[in-house]
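Reckoned from all heavy atoms, side chains included, excluding hydrogens, waters and symmetry mates. Note that the coordinates shown come from a computational prediction; the quantities given were computed from them, not determined experimentally. Naming convention: chains lettered A, B, ... in sequence-line order (proteins, then strands); numbering from 1 in each chain.
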Amino acid sequence: MTSPVRVRFAPSPTGTLHLGSARSALFNWLYARHFGEQGTYVLRIEDTDQERSTPENVDQALKVFRWLGLDWDEGPGVGGPHEPYFQSQRSDAYSRALEELFASGHAYRAFDTKEQLAADRAEAEAAKRPYVYVGAGRDLDPATSKARADAGEAFSVRFKVPTTGTTVVHDMVLGDTAFENALIGDFVVARADGSPLYNFANVVDDADMEITHVIRGNDHLNNTPKQILIYEALGKPVPAFAHLPMVLGPDGAKLSKRRHHTSNVEQLALAGYAPAAVRNGLALVGWSKDGETEYLASDDLIAAFDVTRVKKSAAQIDYKKLEWLNGEHLRALSVEEWVAGYDAWRTEWMPADAEFAAAADIIDGRAAAELVQEKVATFSEVPAYLSFLVEPFTFTDDAWARLEKTGEVGVTVLTHVTAALEALDAWELDSLEAALRGTCEALELKPGKVFSPIRFAATGRTIAPGLWESLHALGRERSLERLASARDRLSAAVAASVPQA
RNA sequence: GCUCGGUUCGUCUAGUGGCCUAGGACGCUGCCCUCUCACGGCGGUAACACGGGUUCAAAUCCCGUACCGAGUACCA
């Protein structure tokens, strides 16, 4: 029997979910799900920054996690045995832990001034020596320390780091990394009012929640020895660590909202990506199943995921590949699934642009699926394909120019096809196709010569769904009307151009 | 500055001493299929950062250099 695995993701709800953070969340989730019943994924909110951790931001963050499909077993909304899951409500736990540290002699009050600290640091840097905090109050006896604090002297609480030996981080990704204790320096764990700092709060939370595997970004590696020291001081088991390589933007720079349009998960949702595809794509940044498999349905992803296979080096996110992968997922969906995804996108995420929305909503999801499922890579591409159905009918400049170019031939084709279609008993896909192909034969023209003018005339676009599908969606009346009026307009244009030629 | 980590095609990656004249994928691109678009098929393009070792044999192990990144807060 395997021992239970408990992992967590602890975002600070500052509004958006960065793709790098999303991948961290995903890897934690995959790790837990890989172990099935034995795995627990905890979501904890680090909302100590009161300014930015508004209820709206928290809701927004949770909405994004739900969209991505990273369901949590314990955390906001679902509760769990280690409540509360909001850092802002856990101050009791921190003060208890802090008292323990004081009692065991692992923490002390440091009465340094900021000026003194800054000067020390500057001096070390000037001398090209590593800066290590040397605590003046390190060996102050507790009574004196307490007296000075009671007298109102400013202080911070520091952790007493061993001055000898090394602390080694056993990492599932990086292997072992040793840190000299003497170079760590006594770091601050809490402010005078008892409010904890990140390294301390994090360890207390993870220990309380019995987290067994800490999977997080590489940017935390340097914090890890400090955290290990805290675990040990608290007498808690040290979890296993896995530090993930950084995720960079396509230009090799850090991901930023400004430079990268889809640098956060909301933007992907807005653009009409499928959650399963995003999970697949994100998983492939820094990890691979075997170097061959690109498309991984969720079950396969969960089954194949192995944190020890993640790479050590940073990766740039490849948006082109993500888009391609999304197209693969969208095409692999059943019609029902595609419609569900499209409907979800339209109601939850579609941009509030009137023209765009009009095209998106012109027909129901099922009809849209038949027209464009095989053509689009993201849901946001759908409206452009459907815009030909929107009234009033208009030509794009390009489409009219291309139609005009077909000249006499175009007129002949349109005249002929209009008659052929008018004669049709049933306006169905197969009868439409037969009539259109019949036109080719009757006129002894290649399909390309025949279908192009019809497409331009009926849709007013150069890019559209399949021809018979388009005419079918348009309906008999509108199709014939558009064909006839385009024929008239075209023949007028041809007549006008002849004298000049 | 210091500490730590990293370095295979443009990008994501496979690769743990011989199977590698380095494989797959995206991208770009030629041809084919084809009613546009998309899909699909067959090709092409292009990489082991550099320099030293170790070894019969190195992308793989060791050392150095270069470059990139993270951390270096009473931020997280």
Side-chain angles (χ1 to χ4, degrees), chain A residues 10-12 14 46 48-49 87 110 112 114 117-118 121-122 124-132 154-158 169 171 173-174 177-180 183-185 187-193 195-199 201-202 217-225 243 245-246 248 250-254 281 284-295 311-325 327-328 331 372-377 381 384-385 399 402 433 436-437 440 446-456 459 461-470:
Chain A
S12 45
T14 49
E46 301 206 333
T48 47
D49 184 339
Q87 215 167 55
D112 314 273
K114 293 201 175 192
L117 295 175
R121 199 169 294 124
E125 189 163 328
K128 299 190 177 186
R129 294 270 64 199
Y131 168 70
V132 182
F155 69 92
S156 60
V157 182
R158 286 184 183 262
V169 178
D171 193 281
V173 173
L174 300 169
T177 304
F179 293 83
E180 290 292 334
L183 259 27
I184 295 175
F187 54 93
V188 179
V189 289
R191 302 181 182 90
D193 65 1
S195 61
L197 260 49
Y198 170 75
N199 281 131
N202 213 259
N218 201 282
D219 49 339
H220 291 290
L221 183 61
N222 293 285
N223 286 323
T224 309
H243 286 94
M246 297 280 90
L248 311 171
D251 47 7
K254 265 176 70 172
L284 257 20
V285 179
W287 174 85
S288 72
K289 181 188 176 192
D290 52 20
E292 306 275 304
T293 314
E294 307 286 342
Y295 180 95
K311 305 213 333 164
K312 298 177 181 177
S313 48
Q316 302 178 203
I317 180 125
D318 185 345
Y319 291 113
K320 280 278 185 43
K321 188 165 183 173
L322 187 60
E323 190 177 320
W324 165 78
L325 199 51
E328 293 287 301
R331 283 185 292 276
V372 302
Q373 178 173 7
E374 61 176 12
K375 298 183 183 296
V376 299
E381 289 172 34
Y385 270 105
R402 296 273 298 277
E433 179 176 356
L436 290 162
R437 294 218 184 270
C440 300
K446 292 264 189 199
K449 285 281 182 203
V450 175
F451 296 161
S452 293
I454 302 174
R455 163 170 293 104
F456 302 147
T459 67
R461 318 276 121 125
T462 55
I463 298 171
L467 225 208
W468 26 103
E469 287 85 352
S470 296

Provide a list of protein-nucleic acid N or O atom pairs under 3.5 angstrom, restricted to nucleotides 43-49 of chain B.
none

Do A/Arg129 and B/C2 share a donor-acceptor pair, side chain to base, under 3.5 Å?
->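 Donor-acceptor pair under 3.5 Å: no.
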Record whether the side chain of A/Lys375 comes under 3.5 Å of the base of B/C37 through a donor-acceptor pair of N or O atoms.
->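 Such a pair is found, so the answer is yes.
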With both distances under 3.5 angstrom, what nucleotide forms a Watson-Crick or G-U wobble pair with [N]?
N	result
B/U21	none
B/U60	none
B/C74	none
B/C37	none
B/A14	none
B/C28	B/G44
B/C67	B/G6
B/U54	none

Provide a list of protein-nucleic acid N or O atom pairs under 3.5 angstrom, restricted to nucleotides 60-66 of chain B.
none

Within the sub-3.5 Å range, which N or O atoms of nucleotides 70-76 of chain B have a protein N or O partner, and how far apart are they?
| unit_1 | atom_1 | unit_2 | atom_2 | d |
| --- | --- | --- | --- | --- |
| B/A70 | O2' | A/Asp219 | O | 3.4 |
| B/A73 | OP2 | A/Arg121 | NE | 2.5 |
| B/A73 | OP2 | A/Arg121 | NH2 | 3.2 |
| B/C75 | OP2 | A/Arg191 | NE | 3.1 |
| B/C75 | OP2 | A/Arg191 | NH2 | 2.1 |
| B/A76 | OP2 | A/Tyr198 | N | 3.1 |
| B/A76 | O3' | A/Glu46 | OE1 | 2.9 |
| B/A76 | N6 | A/Asn223 | OD1 | 3.4 |
| B/A76 | N6 | A/Asn223 | ND2 | 3.3 |
| B/A76 | N1 | A/Asn223 | ND2 | 3.4 |

Listed by chain and number, what are the ring pair (Phe, Tyr, Trp, His ring centres under 6.0 Å) partners of A/Trp324, not counting sequence neighbours?
->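 Residues passing ring pair (Phe, Tyr, Trp, His ring centres under 6.0 Å) with A/Trp324: none at all.
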Quick one: ring pair (Phe, Tyr, Trp, His ring centres under 6.0 Å) partners of A/Tyr198, sequence neighbours excluded?
->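 Ring pair (Phe, Tyr, Trp, His ring centres under 6.0 Å) list for A/Tyr198, sorted by chain: A/His220.
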Applying a 4.0 Å non-hydrogen cut-off, can you work out what [X] is touching in the nucleic acid: base, sugar-phosphate, or nothing?
X	answer
A/Ser452	nothing
A/Arg331	sugar-phosphate
A/Tyr385	base
A/Pro245	nothing

For B/A14, does either OP1 or OP2 sit under 4.0 Å from a side-chain N or O belonging to A/Ser288?
->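 Result: yes.
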To the nearest 0.5 Å, tell me how far [X] [atom1] sits from [Y] [atom2].
X	Y	atom1	atom2	result
A/Lys446	A/Phe451	NZ	CZ	12.5 Å
A/Gln316	A/Met246	CD	CE	14.0 Å
A/Asn202	A/Asn223	CG	CG	8.5 Å

Using heavy atoms to find the nearest nucleotide of RNA chain B for A/Lys128 and A/Arg402 separately, return the residue whose nucleotide is more 5′.
->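 Here A/Lys128 is the residue nearer the 5' end.
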Toward the 5' end of RNA chain B, which comes first, A/Thr293 or A/Phe451, by nearest nucleotide?
->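 Looking at RNA chain B, the more 5' nearest nucleotide goes with A/Thr293.
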Under 3.5 Å, is there a donor-acceptor pair linking the side chains of A/Arg455 and A/Thr459?
->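 Side-chain D/A pair, A/Arg455 to A/Thr459: absent.
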Has the side chain of A/Ser470 got a donor or acceptor atom that lies under 3.5 Å from a matching backbone atom of A/Pro465?
->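 Yes, the answer is positive, given that a donor and an acceptor are paired below the 3.5 Å cut-off.
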Give a yes or no answer on whether the side chain of A/Asp112 reaches the backbone of A/Leu117 with a donor-acceptor pair at less than 3.5 Å.
->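 Side chain of A/Asp112 to backbone of A/Leu117, a donor-acceptor pair under 3.5 Å: no, none is there.
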Distances under 3.5 Å only, N/O to N/O: pair up the protein atoms with those of nucleotides 8-11 of chain B.
| unit_1 | atom_1 | unit_2 | atom_2 | d |
| --- | --- | --- | --- | --- |
| B/U11 | O2 | A/Asp318 | OD2 | 3.4 |

The single option from A/Asp318, A/Ile317, A/Leu248 passing side chain to side chain contact (heavy atoms under 4.5 Å, CB included) against A/Val285 =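 Exactly one option meets the side chain to side chain contact (heavy atoms under 4.5 Å, CB included) with A/Val285, and it is A/Ile317.
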Closest to side chain of A/Glu125, choosing from B/C35, B/G5, B/G1 =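 Minimum distance to the A/Glu125 side chain belongs to B/G1.
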